[in-house]
Amino acid sequence: MVRSLRYVGVLGVCALFAACGQIAPRQAACTADSCHVRHEIVQSGEASWYSNKFEGRLTASGEHFDSGAFTAAHRTLPLGSHVRVRSLATGKSVVVRINDRGPYVNKRIIDLSYAAAKSLGLTDARSMQVQLERVENNENARTEPEGDAILTTGR
């Protein structure tokens with residue numbers, strides 16, 4: 001008897017979880033107007049940029065580092081993912097592709113290529129406070145910093 005009550009209790013809890021996890025079909029469907037790519041704020045902290053001594057060296061993704069490409073190193077974000085790096089000091093932003101691991105300097109959250117750092121105005125300083133926002137992986141991802149230039153990811 002006690003055993004059968006346990007089974008009924010377990011089945012009841014499972015049914016409760018199953019009912020709570022269901023979404024009505026009317027609410028689950030979305031149209032082109034109602035669905036938007038969600039951007040996720042990943043981190044805020046200090047950014048730095050690669051020195052020229054890394055030019056041509058292999059990155060964690062297996063490609064050679066190119067200071068002219070809009071790429072970056074991050075400790076945990078997936079290789080190949082894209083993030084928008086926004087300078088909290090200047091308001092400028094750039095989209096970069098994560099292709100390496102790092103930075104290995106305490107309190108820094110991202111290392112940018114020279115091209116990405118220059119577009120943010122970071123090359124005149126050792127580091128800068130930034131906010132990272134994960135964006136959709138898109139080869140044509142674009143951002144417009146202050147000014148007339150449009151920066152694209154990749155080369």
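By convention here, the first residue in the shown sequence is residue 1. Note that the coordinates shown come from a computational prediction; the quantities given were computed from them, not determined experimentally.
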Is there any salt bridge (Lys or Arg N to Asp or Glu O under 4.0 Å) pair reaching into residues 111-125, and which pairs are they, with sequence neighbours excluded?
-> none

Salt bridge (Lys or Arg N to Asp or Glu O under 4.0 Å) contacts touching residues 41-64 (sequence neighbours left out) | Glu46-Arg108, Glu63-Arg97

Testing the basics here: between [X] and [Y], what is the closest heavy-atom pair and its distance to 0.1 Å?
| X | Y | value |
| --- | --- | --- |
| Ala115 | Gly68 | CB-O, 3.5 Å |
| Pro103 | Ala73 | CD-O, 4.1 Å |
| Ser119 | Ala116 | OG-O, 2.8 Å |
| Arg84 | Val95 | NH1-CG2, 3.7 Å |

Can you get from [X] to [Y] by hopping between Ile, Leu, Val, Met, Phe, Trp and Tyr side chains that sit under 4.5 Å apart?
| X | Y | answer |
| --- | --- | --- |
| Ile110 | Tyr50 | no |
| Phe65 | Leu122 | no |
| Val85 | Met128 | yes |

Sorted by first residue and then second, give each ring-ring contact (aromatic ring centres under 6.0 Å, His included) pair with at least one member in residues 87-108; sequence neighbours left out.
-> none

For Leu88, the hydrophobic cluster (side chain heavy atoms closer than 4.5 Å, chained through members) also holds none

side-chain contact (heavy atoms from CB on, under 4.5 Å) involving Ala60 - partner list, sequence neighbours excluded | Leu79, Asp100, Arg101

Does Leu77 have any side-chain contact (heavy atoms from CB on, under 4.5 Å) partners at least two apart in sequence or in another chain, and if so, which?
-> Val42, His74, Ser81, Val83, Ile98, Arg134

Distance from [X] atom [atom1] to [Y] atom [atom2], nearest 0.5 Å?
| X | Y | atom1 | atom2 | result |
| --- | --- | --- | --- | --- |
| His64 | Leu58 | NE2 | CG | 4.5 Å |
| Leu112 | Leu120 | CG | CG | 6.0 Å |
| Phe70 | Ser113 | CZ | OG | 6.5 Å |
| Ser48 | Lys107 | OG | NZ | 14.0 Å |

